[in-house]
Participant: 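Can you keep this structure in mind? I'll have questions shortly.
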Number of protein chains: 2
Amino acid sequence: MDNVADDLRSAGLRVTAARVAILEQVRTGNHLDAERIARGVRGSLGHVSTQGVYDALHALTRAGLLRRIEPAGSPARFESRVGDNHHHLVCRSCGEVADIDCVVGEAPCVEPSNTHGYAIDEAEVVFWGVCPQCQAQPAGSGSGQPARTKSED
Amino acid sequence: MDNVADDLRSAGLRVTAARVAILEQVRTGNHLDAERIARGVRGSLGHVSTQGVYDALHALTRAGLLRRIEPAGSPARFESRVGDNHHHLVCRSCGEVADIDCVVGEAPCVEPSNTHGYAIDEAEVVFWGVCPQCQAQPAGSGSGQPARTKSED
DNA sequence: GGCACAAACTGGAATGATTCAAGAAAACGA
DNA sequence: TCGTTTTCTTGAATCATTCCAGTTTGTGCC
């Protein structure tokens with residue numbers, strides 16, 4: 001299971017316990033935020049500073065080993081699925097994020113009706129809805145905090 | 001020019017100087033953030049508290065008179081174009097936001113390849129690119145602060 | 001294996017956007 | 001004009017994240 005270390009090395013990053021643990025954490029978890037990652041890493045390594053976690057997440061993201069996503073209303077989340085152009089599905093009730101395969105596969109997969117002269121390189125698609133668990137449960141008893149409510153409709 | 005007051009009234013909101021000024025400000029401006037709105041409103045009304053601006057923006061958004069958008073890496077922005085399902089184009093360099101008409105028109109305009117059991121009500125599309133001004137200018141001299149850089153690719 | 005230097009990590013303070021709380025002021029229906 | 005309810009004010013608090021300065025740790029080289 002040392003391919004994590006190898007991945008770090010081949011990305012030009014130094015191999016440290018914190019980075020290995022963080023990358024493993026994100027690969028195992030599901031769109032975790034920095035705080036959850038920090039907690040998980042501390043569980044296996046003992047102490048790691050918050051700043052260390054942010055530093056490592058930035059380094060890993062810059063190196064292309066992680067992708068950072070920021071659904072409106074929730075802290076940044078990290079995922080290890082990089083290189084393909086997939087999208088996300090976010091639960092308005094509990095904030096959970098699921099991956100959605102992009103039918104086109106490469107960015108930008110959707111064409112705007114008018115570019116306004118912009119040089120466009122990416123079309124980010126976020127689907128908003130309510131996850132199966134939250135649909136089944138009485139309102140308000142979801143596993144997390146509400147992410148964003150739909151105002152109009 | 002009192003249709004702003006009428007709009008407030010028919011949305012069930014009390015008409016106050018702050019709300020009128022804020023709604024006019026957002027209608028005139030282009031995807032302004034709370035701080036810019038506050039500055040503009042203070043220019044015409046004198047003093048308005050920051051909290052008052054946030055309160056009013058929430059009320060107007062809840063009433064469906066404004067829409068709140070949160071492009072990754074920038075504070076929340078408000079727009080008065082509501083009711084249609086248009087999308088946005090964000091400049092990675094200066095953060096400027098432009099509207100993009102949705103070819104379908106009603107949410108959700110894009111269908112996911114797999115819903116994972118979610119009840120989906122909206123597909124939010126954000127196009128990322130570089131605006132004409134920033135393309136023309138040497139890097140770093142944009143009018144605002146960088147919004148989000150593209151890591152890979 | 002031991003060194004040196006750059007890259008990482010630590011602790012602590014700071015920032016920016018936004019929210020909470022409690023009291024004062026203003027809007028609007030009776 | 002009054003009373004009730006909503007809105008606004010001031011001031012402090014929160015959350016995610018970053019800045020800073022000093023210390024520690026990986027890694028390439030001898």
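Residue numbering restarts at 1 for every chain, and letters A, B, ... go by the order of the sequence lines. These numbers come from a predicted model, not from an experiment.
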Participant: Is the backbone N or O of Asp101(B) less than 3.5 Å from a side-chain atom of Ser113(A), with the two atoms forming a donor-acceptor pair by type?
Facilitator: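 Such a contact is found between Ser113(A) side chain and Asp101(B) backbone.
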
Participant: Determine: side-chain N/O of His58(A) to OP1/OP2 of dA8(C), distance under 4.0 Å, yes or no.
Facilitator: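 The answer is no; no side-chain N or O of His58(A) sits under 4.0 Å from OP1 or OP2.
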
Participant: Between Asp55(B) and Arg19(B), is there a side-chain N and carboxylate O pair less than 4.0 Å apart?
Facilitator: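 Looking at Arg19(B) together with Asp55(B), the answer is no, because their closest N to O distance does not fall below 4.0 Å.
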
Participant: May I have the distance from Arg39(B) (atom CZ) to dA17(C) (atom C1'), rounded to whole angstrom?
Facilitator: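 Value for this atom pair: 14 Å.
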
Participant: Give me the distances for all protein-to-nucleotides 24-27 of chain C N/O pairs that come in under 3.5 Å?
Facilitator:
from: dA27(C); atom 1: N3; to: Arg14(B); atom 2: NH1; distance (Å): 3.2

Participant: Please classify the nucleic acid contact of Ala59(A) as base, sugar-phosphate, or nothing, using heavy-atom distances under 4.0 Å.
Facilitator: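 The answer is nothing, as Ala59(A) stays clear of every strand by at least 4.0 Å.
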
Participant: Nearest whole angstrom, please: distance from the C1' of dA16(D) to the OH of Tyr54(A).
Facilitator: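 For the pair Tyr54(A) OH and dA16(D) C1', the rounded distance is 5 Å.
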
Participant: Could you check how far CG of Asp6(B) sits from P of dC28(C), rounded to whole Å?
Facilitator: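 For the pair Asp6(B) CG and dC28(C) P, the rounded distance is 12 Å.
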
Participant: Applying salt bridge (Lys or Arg N to Asp or Glu O under 4.0 Å), run through Asp84(B) and Arg67(B) and close with a yes or a no.
Facilitator: CA-CA 11 Å; Asp84(B) 66 344; Arg67(B) 180 143 87 110; 5.5 Å; no

Participant: What's touching nucleotides 10-13 of chain C from the protein side, N or O pairs under 3.5 Å?
Facilitator:
from: dT10(C); atom 1: OP2; to: Ser49(A); atom 2: N; distance (Å): 2.9
from: dT10(C); atom 1: OP2; to: Ser49(A); atom 2: OG; distance (Å): 2.6
from: dG11(C); atom 1: OP2; to: His47(A); atom 2: NE2; distance (Å): 2.7

Participant: Over how many whole Å does the gap from Arg77(A) atom CZ to dC15(D) atom P extend?
Facilitator: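 Taking CZ of Arg77(A) and P of dC15(D), I get 16 Å after rounding.
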
Participant: Between Gly12(B) and Ala76(A), which is nearer to the 5' end of DNA chain D once each is assigned its nearest nucleotide?
Facilitator: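 Upstream on the strand: Gly12(B).
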
Participant: For the pair made of CD in Glu35(A) and P in dT17(D), what is the distance, rounded to whole Å?
Facilitator: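 After rounding, the reported distance stands at 10 Å.
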
Participant: Counting N and O atoms only, with roles assigned by atom type, does the side chain of Asn3(A) sit under 3.5 Å from a partner on the main chain of Asp6(A), one being a donor and the other an acceptor?
Facilitator: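 No.
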
Participant: Rounded to whole Å, please give me the gap between CG in Leu8(A) and C1' in dC9(C).
Facilitator: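 Those two atoms, CG and C1', are 15 Å apart.
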
Participant: Has Ser93(B) got a side-chain atom pairing as donor or acceptor with Val130(B)'s backbone, closer than 3.5 angstrom?
Facilitator: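 A pair under 3.5 Å: no.
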
Participant: Is a side-chain N or O of Gln135(B) found less than 3.5 angstrom from the main chain of Gly117(A), in a donor-acceptor match?
Facilitator: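 Such a contact is found between Gln135(B) side chain and Gly117(A) backbone.
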
Participant: For Ser49(A) and Arg42(A), test the side chains for any donor-to-acceptor distance below 3.5 angstrom and give the result as yes or no.
Facilitator: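 No, no side-chain donor-acceptor contact under 3.5 Å.
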
Participant: dT18(C) P sits how many Å from Arg36(B) CZ, rounded?
Facilitator: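 Taking CZ of Arg36(B) and P of dT18(C), I get 13 Å after rounding.
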
Participant: Looking only at the side chains, is there a donor atom on one of Glu79(B) and His88(B) sitting less than 3.5 Å from an acceptor on the other?
Facilitator: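 The answer is yes; a qualifying pair exists.
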
Participant: Using a distance-only test with no angle check, is there a side-chain donor-acceptor pair under 3.5 angstrom linking His31(A) and Asp99(A)?
Facilitator: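 Short answer, yes.
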
Participant: Measure CG/Leu57(A) against C1'/dC9(C) and give the value in whole Å, please.
Facilitator: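 After rounding, the gap between these two atoms is 14 Å.
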
